[in-house]
Amino acid sequence: MLPISAVPCPLPVVGASAAAKATEGRPRVPSLWYGIALSGALGLLAWQLGKWFPLIGGPVMGILLGIAWRNMVGVSPLCLPGIGYSSRQILKWSIIGLGFGLSLGQVLATGASSLAVTLITLSVAFLAAWSLGSWLGLGSHLKVLIGVGTAICGGSAIAAVAPIIQSDQKDTALSISTIFLFNILAVLVFPPLGHWMGLSDAGFGLWAGTAINDTSSVVAAGYSYSTSAGDMATIVKLTRATLIIPVCIVLAVWTAWRAHHTQTQVSIVRIFPWFIVWFLVAAGVRTLGWVPVWLIEPLHLASQFLIIMALTAIGLLSDLRQMALAGLRPLLLGLGVWMAVAASSLAVQWLMQAL
């Protein structure tokens with residue numbers, strides 16, 4: 001495999017002399033457009049492959065193509081800023097775009113109805129992380145980070161919590177790598193498991209929205225199952241993501257108490273997932289009838305493509321060798337917490353139906 005720095009983005013290639021003349025006196029520097037172009041090109045291919053293989057779907061194809069490209073071909077540092085931008089900002093835009101296809105009443109009702117399952121799975125995640133992490137002999141920071149990443153919203157939650165609990169860079173990197181691995185596995189495993197268990201679209205959406213770590217993976221798994229399952233999973237996940245605020249406040253108080261001082265502060269403005277507000281605004285605009293009927297389908301298609309593009313970018317950031325360096329014990333902790341949350345989500349759904 002070529003070193004990452006040696007593999008260029010898929011830009012037009014001409015003769016060596018022509019390329020030298022074109023770049024003479026004009027050194028190439030990282031640009032958002034290189035990574036956006038690569039993510040978009042592979043995203044278009046994934047979209048088409050998803051149509052040819054609907055059982056897998058475009059979102060999963062995007063992640064797989066991105067992983068394959070990163071680990072078999074490589075990614076130039078010139079592309080990294082644009083790939084990072086695509087994996088974060090374009091994903092947020094795609095979710096906001098989905099809001100134009102949903103009524104505000106539907107969003108609020110779904111979020112409220114899923115809150116009980118969400119709170120239970122969140123509690124299970126923290127209990128499992130602390131007990132299993134203690135049994136594995138892991139430090140408190142790693143237990144908290146993997147617990148919060150599994151319970152709420154993956155890497156975003158870890159990034160918000162790490163400075164609050166004063167985690168070092170090593171524990172933060174280990175927890176993000178561990179969570180990311182199970183995000184990828186969830187996208188591949190959840191849809192076939194859902195079909196095998198005979199889950200309804202609503203049941204699978206609630207399961208995926210409460211049991212898969214990261215927003216991107218929830219969206220990918222949900223829409224791979226069905227459109228209605230994807231809508232449900234997205235709303236449930238966004239409801240779950242807002243819990244980062246009370247969790248961060250509790251952890252700040254806990255950290256201050258352990259250190260016997262009260263200097264730990266939490267910036268609500270910094271940690272709040274603001275794109276959720278714009279998602280609600282989009283749903284409100286649709287509810288008020290301000291979106292022309294002819295525009296709804298193009299908006300939905302654009303959102304679907306942006307989702308695939310963002311997930312492709314996430315795949316392009318997936319260094320399998322780096323994940324393998326995380327070590328066995330963090331992986332076992334991540335696996336145990338993930339399985340506990342997935343099982344508790346299904347169990348709560350079953351009990352609610354039985355009652």
Residue pair [X] / [Y], side-chain heavy-atom distance below 4.5 Å:
X	Y	value
Thr110	Asp231	no
Phe279	Ile235	yes
Leu317	Val75	no
Gln48	Leu44	no
Phe182	Thr150	no
Ser217	Ile184	no
Leu42	Leu316	yes
Trp130	Ser140	yes

Please give me the minimum heavy-atom distance between [X] and [Y], naming the atom from each residue.
X	Y	value
Ile146	Gly334	CG2-CA, 4.0 Å
Val124	Ala340	CG1-O, 3.7 Å
Pro330	Leu142	CG-CD2, 4.0 Å
Ala229	Gly222	CB-O, 3.7 Å
Ile212	Lys237	O-CE, 4.0 Å
Gly43	Ile308	O-CG2, 3.5 Å

Give a yes or no answer on whether the side chain of [X] reaches the backbone of [Y] with a donor-acceptor pair at less than 3.5 Å.
X	Y	value
Ser39	Ile36	no
Thr210	Trp207	yes
Ser344	Val341	yes
Arg240	Ala151	yes
Thr121	Thr118	yes
Asp214	Asn183	no

Does Ala233 have any side chain to side chain contact (heavy atoms under 4.5 Å, CB included) partners at least two apart in sequence or in another chain, and if so, which?
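If we apply the side chain to side chain contact (heavy atoms under 4.5 Å, CB included) test to Ala233, skipping adjacent residues, the hits are Ala208, Val218.
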Mind running side chain to side chain contact (heavy atoms under 4.5 Å, CB included) on Leu38 and Trp69 for me, showing each step along the way?
CA-CA 10 Å; Leu38 177 58; Trp69 186 280; 4.0 Å; yes
Which value, rounded to the nearest 0.5 Å, describes the distance between [X] atom [atom1] and [Y] atom [atom2]?
X	Y	atom1	atom2	result
Leu301	Glu297	CG	CD	4.5 Å
Tyr223	Leu98	OH	CG	4.0 Å
Ile276	Leu238	CD1	CG	5.0 Å
Ile307	Thr234	CD1	OG1	6.5 Å
Arg88	Ile314	CZ	CD1	10.5 Å
Leu64	Thr312	CG	OG1	9.5 Å

Criterion side chain to side chain contact (heavy atoms under 4.5 Å, CB included) on Thr227 and His300, from CA distance to verdict
CA-CA 11 Å; Thr227 299; His300 183 69; 4.2 Å; yes
Can you classify the ring geometry of His195 versus Tyr225 as parallel (below 30°), tilted (30 to 60°) or perpendicular (above 60°)?
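Rings of His195 and Tyr225: parallel, as their planes differ by under 30°.
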With a cut-off of 6.0 Å (strictly less than), are more than 12 heavy atoms of other residues, nucleotides or ligands near CE of Met339?
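Atom CE in Met339 is not crowded, with 12 or fewer foreign heavy atoms closer than 6.0 Å.
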Under a 4.5 Å side-chain heavy-atom rule over Ile, Leu, Val, Met, Phe, Trp and Tyr, are [X] and [Y] clustered together?
X	Y	answer
Trp47	Leu49	no
Trp196	Phe204	yes
Leu145	Phe126	yes
Leu65	Ile63	yes
Val291	Leu306	no

Identify which one of Ser175, Ser131, Ser134 satisfies the side-chain hydrogen bond (donor to acceptor under 3.5 Å, both in side chains) criterion when paired with Lys143.
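By the side-chain hydrogen bond (donor to acceptor under 3.5 Å, both in side chains) criterion, Lys143 pairs with just one of Ser175, Ser131, Ser134: Ser134.
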Report the C-alpha separation of Met232 and Leu206 in whole Å, then their side-chain angles, then the decisive distance to 0.1 Å, and conclude whether the side chain to side chain contact (heavy atoms under 4.5 Å, CB included) test is met.
CA-CA 7 Å; Met232 176 76 172; Leu206 182 55; 4.1 Å; yes
Does the side chain to side chain contact (heavy atoms under 4.5 Å, CB included) test come out yes or no for Tyr34 and Leu80, once each step is laid out?
CA-CA 8 Å; Tyr34 295 147; Leu80 293 178; over 6 Å; no
